[in-house]
Structures are given as C-alpha cells and as structure tokens.
Amino acid sequence: MDAVVFDLDGVLVDSERMWDEVRRSVVAEHGGRWREEATRTIQGMSTPEWARYLVEELGTRLTADEVADTVIREMAARYESGPPIIAGAEKTVRAVAERYSVAIASSSPPTLIDAFLSAARLTDLVRVAVSSEQVDAGKPAPDVYLEAARRLEVAPVRCAAVEDSTNGLRSALAARMTVIGVPNPHYPPDPNVLAEAHAVIDDITELPETLSRIR
C-alpha cells in the first residue's frame with residue numbers, strides 16, 4: 001500500500017448533521033418537502049447532483065444553482081469559527097502521512113475542503129484534495145477516488161480509502177481500493193455494504209494501527 005485517501009465529512013469533520021440541517025432548512029424555506037430517505041440518498045453526491053435532487057425530487061422552488069449557492073454559503077458561514085474537526089483526526093492524518101502519501105476525496109466543495117486543511121494545519125501534508133465537483137459523477141461512482149489516485153500517481157489497488165457512509169463505501173469499493181469503514185454513528189451505513197469493507201474501526205484514531213495490520 002502506497003497511499004491513503006480520506007473522505008472528509010463524517011471521517012475527519014463531524015459535519016454530516018450540519019449539512020443535513022442546512023439542506024432541510026433551505027428545502028423548508030423555499031416550498032419543498034423533505035423525505036426521510038433524502039439524507040442517505042444524497043450523501044456522497046456532488047454539489048450539482050444534490051442541488052438538482054433538492055429541486056427535482058423535493059420540490060424546492062429555486063434553481064439548482066441557487067440551492068447550491070445558498071447551502072454552501074450557509075455552510076461556509078458555519079465554518080468561519082472553524083470546522084467541527086473530529087477528535088484525533090488531525091493527529092491521525094499526521095501519523096498516516098509519515099508512512100504513506102495522503103489525499104482527500106470528498107463530496108464537499110473545494111472551499112470547504114480548503115477550510116478544513118487550513119484549520120487543521122494539514123495543507124502541506126495532504127498532497128492531493130479532490131472534490132466530486134471536479135469529476136464527472138459523485139459517490140457512489142468511483143470517479144473522485146480514481147481521480148485522487150491519478151493525481152497521487154498511485155494505482156488505485158495500491159491505495160486505502162477511509163469512508164463512513166454507504167455511498168462512500170460503494171465508491172471506494174468500485175475504485176478497487178482497500179476500504180476501511182468508520183461507520184457514522186448518526187447515519188450508519190448499510191450493513192451489507194459495510195461488510196464488504198476490508199476492515200472496520202470504531203474511531204479514526206485506530207487507523208494507523210489498522211493500516212499496519214493490512215498493508
């Protein structure tokens with residue numbers, strides 16, 4: 001194994017509930033109606049994909065571009081005081097970077113990925129950061145993971161991926177990476193999909209030891 005590719009939301013930043021709250025608010029304020037399955041359905045989607053979903057499937061009375069701008073602007077405002085970095089995440093990334101090339105493959109827009117890297121002081125350590133906005137399709141398609149591997153100049157089969165959600169796990173598996181699941185306690189992934197992961201950990205701080213066992 002030559003590289004480790006991290007998801008961001010739910011793995012390094014405790015932001016999944018924040019995204020959910022903001023999207024629900026925008027839908028409600030603009031004439032749409034939230035469905036309970038929507039939260040898991042849009043996890044991993046790229047910004048254009050989930051913005052269209054909020055309009056076409058949930059009835060939000062804005063254009064997809066307006067939905068995306070509104071949600072991301074609110075998320076950026078909430079990040080101004082610092083993104084909610086998961087305890088131990090920064091230390092874990094630093095430990096992993098001592099042995100492997102490190103990348104992020106996230107569905108967050110580049111501006112929020114950069115906000116995390118800056119707040120965690122990881123900009124110099126994380127060689128590659130790819131948003132699903134920058135590829136053809138968001139998760140569960142493998143595009144964002146394949147692009148991260150391409151930019152790292154490492155074959156996908158020589159990469160480990162760290163994921164928390166159903167769509168994220170499917171994406172990394174489709175990219176043929178070694179997949180390590182860190183189940184999100186608030187939005188647990190599909191057990192059948194999680195069972196396909198090569199390893200499952202309860203806390204991000206367990207990752208360096210897990211990598212040493214499966215390399």
*Asks:* Does Val144 sit in a hydrophobic cluster with other residues, and if so which ones, taking ILVMFWY side chains as linked at heavy-atom separations under 4.5 Å, directly or through other members?
*Replies:*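 Via sub-4.5 Å side-chain contacts, Val144 links to Val5, Val128, Val130, Val135, Tyr145, Leu152, Val154, Met177.
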*Asks:* Nearest heavy-atom pair of Arg40 and Tyr187: which atoms, and what distance?
*Replies:* NH2-CA, 3.4 Å
*Asks:* Please check if the number of heavy atoms outside Arg176 that lie under 6.0 Å from its CZ is greater than 12.
*Replies:* no
*Asks:* What are the two closest heavy atoms between Arg158 and Met1, and how far apart are they?
*Replies:*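 For Arg158 versus Met1, the nearest heavy atoms are NH2-N, 3.3 Å.
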*Asks:* Which residues satisfy the side-chain contact (heavy atoms from CB on, under 4.5 Å) test with Pro185, sequence neighbours excluded?
*Replies:* none
*Asks:* Report, as yes or no, whether the 6.0 Å neighbourhood of atom CD on Glu153 holds more than 12 heavy atoms from other residues, nucleotides or ligands.
*Replies:*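 Incorrect, the count does not exceed 12.
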*Asks:* What pairs with Asp20 under salt bridge (Lys or Arg N to Asp or Glu O under 4.0 Å), at least two apart in sequence or on another chain?
*Replies:*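 Salt bridge (Lys or Arg N to Asp or Glu O under 4.0 Å) check on Asp20 returns Arg24.
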*Asks:* How would you list, by chain and number, every residue that makes a side-chain contact (heavy atoms from CB on, under 4.5 Å) with Ala51, sequence neighbours excluded?
*Replies:*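 So Ala51 forms a side-chain contact (heavy atoms from CB on, under 4.5 Å) with Ala64, Val67, Ala68.
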*Asks:* For Arg73, give me all partners under salt bridge (Lys or Arg N to Asp or Glu O under 4.0 Å), at least two apart in sequence or on another chain.
*Replies:*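 Not a single residue meets the salt bridge (Lys or Arg N to Asp or Glu O under 4.0 Å) criterion with Arg73.
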*Asks:* Once salt bridge (Lys or Arg N to Asp or Glu O under 4.0 Å) is applied, do any residues pair with Arg78, and if so which ones, sequence neighbours excluded?
*Replies:* Glu21, Glu74
*Asks:* If you take all heavy atoms of Ser106 and Asp7, which pair is closest and at what distance?
*Replies:* CA-OD1, 4.2 Å
*Asks:* Not counting sequence neighbours, which residues clear side-chain contact (heavy atoms from CB on, under 4.5 Å) with Thr123? List them please.
*Replies:* Leu117
*Asks:* In a table with atom names and distances, give each donor-acceptor pair under 3.5 Å that connects a side chain of residues 197-208 to protein atoms at least two apart or in another chain.
*Replies:*
| from | atom 1 | to | atom 2 | distance (Å) |
| --- | --- | --- | --- | --- |
| His198 | ND1 | Val179 | N | 2.8 |
| Asp203 | OD1 | Thr205 | N | 2.9 |
| Asp203 | OD1 | Thr205 | OG1 | 2.6 |
| Glu206 | OE1 | Asp202 | N | 3.4 |
| Glu206 | OE2 | Asp203 | N | 3.4 |

*Asks:* Once side chain to side chain donor-acceptor pair (under 3.5 Å) is applied, do any residues pair with Ser46, and if so which ones, sequence neighbours excluded?
*Replies:* Glu49
*Asks:* Taking only distance into account, with no hydrogens and no angle test, what donor-acceptor pairs under 3.5 Å do side-chain atoms of residues 25-38 form with protein atoms, sequence neighbours excluded?
*Replies:*
| from | atom 1 | to | atom 2 | distance (Å) |
| --- | --- | --- | --- | --- |
| Ser25 | OG | Glu29 | OE2 | 3.0 |
| Arg35 | NH2 | Glu57 | O | 2.7 |

*Asks:* Given Arg23 and Leu58, is the side chain to side chain contact (heavy atoms under 4.5 Å, CB included) satisfied, shown in steps?
*Replies:* CA-CA 11 Å; Arg23 287 170 177 146; Leu58 303 186; over 6 Å; no
*Asks:* Using every non-hydrogen atom in the two residues, find where Pro83 and Val13 come nearest and quote the distance to one decimal.
*Replies:* CB-CG1, 4.3 Å
*Asks:* Listed by chain and number, what are the side-chain contact (heavy atoms from CB on, under 4.5 Å) partners of Thr166, not counting sequence neighbours?
*Replies:*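 Checked Thr166 against side-chain contact (heavy atoms from CB on, under 4.5 Å); matches are Arg170, Pro189, Asp190, Val193.
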*Asks:* Are the side chains of Ile85 and Leu12 in contact, using a 4.5 Å heavy-atom criterion?
*Replies:*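 No. Closest side-chain heavy atoms not under 4.5 Å.
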*Asks:* Could you pull out all residues at least two apart from Arg94 that satisfy salt bridge (Lys or Arg N to Asp or Glu O under 4.0 Å)?
*Replies:*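 So Arg94 forms a salt bridge (Lys or Arg N to Asp or Glu O under 4.0 Å) with Glu90.
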*Asks:* One pair to check against side chain to side chain contact (heavy atoms under 4.5 Å, CB included): Val182 and Val162. What are the steps and the verdict?
*Replies:* CA-CA 7 Å; Val182 191; Val162 188; 3.6 Å; yes
*Asks:* How close do Asn184 and Gly10 get, counting heavy atoms only, and between which atoms?
*Replies:*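 Distance-wise, the nearest heavy atoms are ND2-CA, 3.9 Å.
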*Asks:* Give a yes or no on whether the backbone of Gly44 and the side-chain of Asn167 come within a donor-acceptor separation of less than 3.5 Å.
*Replies:*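 No, the answer is negative, given that no donor and acceptor are paired below the 3.5 Å cut-off.
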